[in-house]
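All figures in this text were calculated on a predicted structure; none of them were measured in a lab. Naming convention: chains lettered A, B, ... in sequence-line order (proteins, then strands); numbering from 1 in each chain.
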2 protein chains.
Amino acid sequence: MALPPVYLSLDAAMSPKITVELLRQLRQAMRNTKYIAEPIQAYIVPSGDAHQSEYIAPCDCRREFICGFNGSAGTAIVTEKHAAMWTDGRYFLQASQQMDNNWTLMKMGLKETLSQEDWLISVLPENSTVGVDPWIIAADQWKNMSKALASAGHSLVAVQDNLIDAIWMDRPTRPSTQLLTLGLGFTGLTWQDKMTALRSKMAERKISWFVATALDEIAWLFNLRGSDIEYNPVFFAYAIVGMNTIRLFVDIKRLAVPTVREHLQLDTPSKVELSIQTAPYESVFTELQAVCASLGPKEKVWISDKASCALMQVIPKTHRSPIPYTPLCLAKAVKNATEIQGMKMAHIKDAVALCELFAWLEKEIPKGTVTEISAADKAEELRSQQKDFVGLSFPSISSVGPNGAIIHYRPLPETNRTLSLNEIYLLDSGAQYIDGTTDVTRTMHFGSPSAYEKETFTYVLKGHIAVSAAIFPNGTKGHLLDSFARQALWESGLDYLHGTGHGVGCFLNVHEGPCGISYKTFADEPLEAGMIVSDEPGYYEDGLFGIRIENVVLVVPAKPKYNYRNKGSLTFEPLTLVPIQAKMVNTDLLTQKERDWVNEYHRQCRETIGAELERQGRKEAMDWLIRETQPIA
Amino acid sequence: MALPPVYLSLDAAMSPKITVELLRQLRQAMRNTKYIAEPIQAYIVPSGDAHQSEYIAPCDCRREFICGFNGSAGTAIVTEKHAAMWTDGRYFLQASQQMDNNWTLMKMGLKETLSQEDWLISVLPENSTVGVDPWIIAADQWKNMSKALASAGHSLVAVQDNLIDAIWMDRPTRPSTQLLTLGLGFTGLTWQDKMTALRSKMAERKISWFVATALDEIAWLFNLRGSDIEYNPVFFAYAIVGMNTIRLFVDIKRLAVPTVREHLQLDTPSKVELSIQTAPYESVFTELQAVCASLGPKEKVWISDKASCALMQVIPKTHRSPIPYTPLCLAKAVKNATEIQGMKMAHIKDAVALCELFAWLEKEIPKGTVTEISAADKAEELRSQQKDFVGLSFPSISSVGPNGAIIHYRPLPETNRTLSLNEIYLLDSGAQYIDGTTDVTRTMHFGSPSAYEKETFTYVLKGHIAVSAAIFPNGTKGHLLDSFARQALWESGLDYLHGTGHGVGCFLNVHEGPCGISYKTFADEPLEAGMIVSDEPGYYEDGLFGIRIENVVLVVPAKPKYNYRNKGSLTFEPLTLVPIQAKMVNTDLLTQKERDWVNEYHRQCRETIGAELERQGRKEAMDWLIRETQPIA
């Protein structure tokens, strides 16, 4: 699934949300001393939740509630007279269609667009107060905003009661789904082992406490999963870990289940320091206050620098040690042997479903009855037949012809195109299985692709191979590999405006840190054997078609001829084993090495997926696989 | 010339400087109320000058004076009881040889080495005061140090009189060499044009004043050159530019020369706003104070964030607008047609000298009389015969066999090896001509290279070609090209521990910002047509040999088949035209495209340099050129 998303918007017919009354109520709340001691002149509504999750639960869709815009990124600000919403190029059209004329769309990335800070300074009366819910603004964002406002004589204040919640009458309740316990056969490490490893990292850096705020880190640490957020098997929780203490903050009701109690050893802890104290989700604030009140003069508390401002500020500055990547984030990224085995199994099952899908599509498309939506539904149906299927790992991007050029397209009834023999079909989809998470993109033509389509597909394939087959020294950061994916496109004057790869969780979030492959030089951590990332270059011709070839790949040791300074080398092993359509390839443009790579990849697909198709008795898919994995010349 | 230097030290026999008495005097000065109101407990001696120059004049070598270590990077700190000096891996050996046992060598980059801040905190008594000369510490460094010390209860203070100067009896005077005026034929733009362009950038960003502190920027702006610092044709100066004012701060004696007075129109300014007010170098502080005192409430002053703390702090915070790259730095980096023409001419002359040198070496080496030093001297002599030669652009790296593996090697009598038929010779050298600056590395074998030497040379060549022939979109930053230079080495498990390229000035510093090609993701600016950088991958086998192939290349528009989103593409054109030794190449390892590149490059060398050799009547060099540019199969 392409990351980071960049520029195109969902071209759908939508009617705007009417917000006159809501804005009136919100402005009233901004003056209501029930919520704030003094009236505030502006209120910021960010789009995240208290855990800075990429996907959020319905109860956290506050920005959508107030302005109508439901894209994944955007910040609304309401003043006494104005209402404005900032979003990026992907969403300009969608936002303009979903918001009524009480709202000004602030197009981020355009030169003439003011930043939130500059806009506030330009519209606010002197000495204004700007409010924000400190739980849903990240600590670093708070800091920047606060500084900018202060420099112009205004102040940023934390409003403890969320003012959107105050006027949101039918706000959904926070989900509290059943927790799933994962045994050693899936995790490879008990939560006790993980806790011990975390504590040894803390001891190494002389850290007394660690506050876990990211939902996937907490799920990973305790070997638990939930379904509070669609596509992401996580649950709302916090954890505070000391050298002899573990506090888990979660809806207490969820812990009544005997399997969960037993898994966490709530009733019979094996050791004192592995005894978990549970407390309600909401009590994390007061409990962290209590922890901080008892800190010795030199004690330090680790917390992610992306944690909420509310929690960050509980920790006195002298004790605070904010970090870009927590030890859990780093440990979670390097998969152990059991997780790797699980990811391989999940990818085999996923490939079975896709082979079956593509064989079915070949038969059905000529009838003119398959649409983007029905194809995606069929893919989900076939995946759901596989063992330990849990759900999709993100909304399927099922796109025909011009829709394929919309990088984060999601088919809607208004945009739904029919698959045909004349247009390219791009399917970017994935699933959650109890043993692993998948994410795969294949681009196919069911008729005769044009020379240009084949040419550009082949450049994308060359880029895909260049990354997948790259050998590089231990310690290399993923961003250094990004240009390999673009070299063939660049040589012909082409490019794509998204990154090349993202970290993938193991039965966890399909996007995870701290590694990735992107031209954006964010603070990515070096690649290590056991990390899992996507390799997904693309090419998009606006109004015509989109091409993307995506495999999930595992970082593995490589053994080249030499070993400079004993540093060792790494390369990638594809976990995704779904044939790449040879019909789309202009083989004249491939080097012999690239042809060999394709043939060896297809040999592996045939061998590994063939065996599983045979076991499952899926004859048609098997025939399709055999045909699609013939060696290319 | 390899940038950034990384790890190896000059393996030379040196005796340490005896510093007992000097340290006693410095510690006395640290308590002397003649210099400071209250005694200070530590004094920091950075290695830079007031302009953060890479190369410094003898009068600014204060760190060397106090501790004996004369490498290019290092910071000394003296407390009442301790003296410590921080430097990086290149210099561990050299520093340990040059410093006596009053000094502790702090090896940067090793895990166990404390940072300057942490070390100070660990050794200082409570509530200590640490002093530093605010003129030679950059504003951002001051900020970090000050913050770290404050968090531990100490304070950083500016000591206006430099305490090293106070005890340095025979300190050389600041150089004040004759100024050279450059006409339109060399610069392409008058200083008046440059001033107007600068002011239009200022107007665009609503900036009232600009403070120029970098010596190469001031030289470029006024079309003047000096020779105050070895290898760098700059002169000590500051400039303050307003919309109607130009103030140039320079040793006034230098302006007595009629050509300089006329060039700057000091006596007959054409327009009021182009009239230059000159003032003594030292008066920049008080003049900037005066400018700042008269600022309107919203007026902003541009200054480099790498300017000295002293000047930065003169500007009140509300008026300060620090920038990573000044408009002069950006304008200087994009060479105009005249500068490009000059650079081409300079490279032709430089290639003539090198062809002559290599032809001479072939004849002389078998006699056993040529050493690293004499070869470097011969290169200088041959260059000096060329028109408009000014001097070298950096100390020649002339290295035989194992010395070649020392990336920033400089031959000394103690290390001087004799060139032979058995060892690889690496020469990295360059010159300043009035029309341009050169920097070229060639690696040659005058006997029979081993298969391994040829293999690794060929990987380096493949990397050199991959960068030089790369096509990439407009707006691409140089660091995205760095991996292209390493791909062939990485595939065999090899690598090199320095960047791939640096910006090159036009009759200015051989290292300049804001562009470069490096795996270090510093804030480099996107490459643009007209920029000039080096392309210099290498491979170093400790104790055996070093290989580097370096050309200076010009960024030029490319015209690939397509033009994605009308962005346009770029590529490189080599300015350096010196044959690459075919004997060192294992042609089996080259692709057809790479062989074509080599043959086309050699065709250009033969055509362009051949014509000039003919014109200069250099018959032996011509024969050598013809032989060395035979097409490879």
Quiz item: More than 12 non-hydrogen atoms from neighbouring residues, nucleotides or ligands closer than 6.0 Å to NZ on Lys300(B), yes or no?
Solution: yes

Quiz prompt | Close side-chain approach of Arg565(B) to Leu497(A), heavy-atom, < 4.5 Å | solution = yes

Quiz prompt | Euclidean distance, Tyr562(B) OH relative to Glu541(A) CD, rounded to 0.5 Å | solution = 9.0 Å

Self-check item: Which atom of Ser569(B) lies closest to which atom of Gly493(A), heavy atoms considered
Solution: OG-CA, 3.8 Å

Quiz item: Taking Asn563(B), Asp495(B), Leu494(B) one by one, which has the highest count of heavy-atom pairs under 4.5 Å against chain A?
Solution: Asp495(B)

Exercise. Using atom types as modelled and distance alone, determine if a side-chain donor or acceptor of Ser483(B) lies under 3.5 Å from a backbone N or O of Leu481(A).
Key: no

Practice problem: Would you name the heavy atoms of Trp490(A) and Ile471(B) that are closest together and state the gap between them? | Solution: CB-O, 3.1 Å

Quiz item: For the ring pair Tyr496(B) and Tyr564(A), is the centre-to-centre distance below 6.0 Å?
Solution: no

Quiz item: Between atom NE2 of His479(A) and atom NE2 of His479(B), what is the distance when rounded to the nearest 0.5 Å?
Solution: 6.0 Å

Quiz item: Distance from Lys593(B) atom NZ to Thr591(A) atom OG1, nearest 0.5 Å?
Solution: 10.5 Å

Quiz prompt | Contact origin within Gln592(A) toward chain B - heavy atom pairs under 4.5 Å | solution = neither

Quiz item: At a heavy-atom separation under 4.5 Å, does Ser492(B) approach chain A through its side chain, its backbone, both, or neither?
Solution: both

Self-check item: Toward chain B, the part of Tyr539(A) with a non-hydrogen atom under 4.5 Å
Solution: side chain

Practice problem: Side chain from CB out, backbone as N, CA, C, O: work out which of these in Thr476(B) comes under 4.5 Å of a heavy atom of chain A, or both, or neither. | Solution: side chain

Quiz item: Who among Pro560(B), Ala470(B), Gly568(B), Ala469(B) has the most heavy-atom pairs with chain A under 4.5 Å?
Solution: Pro560(B)

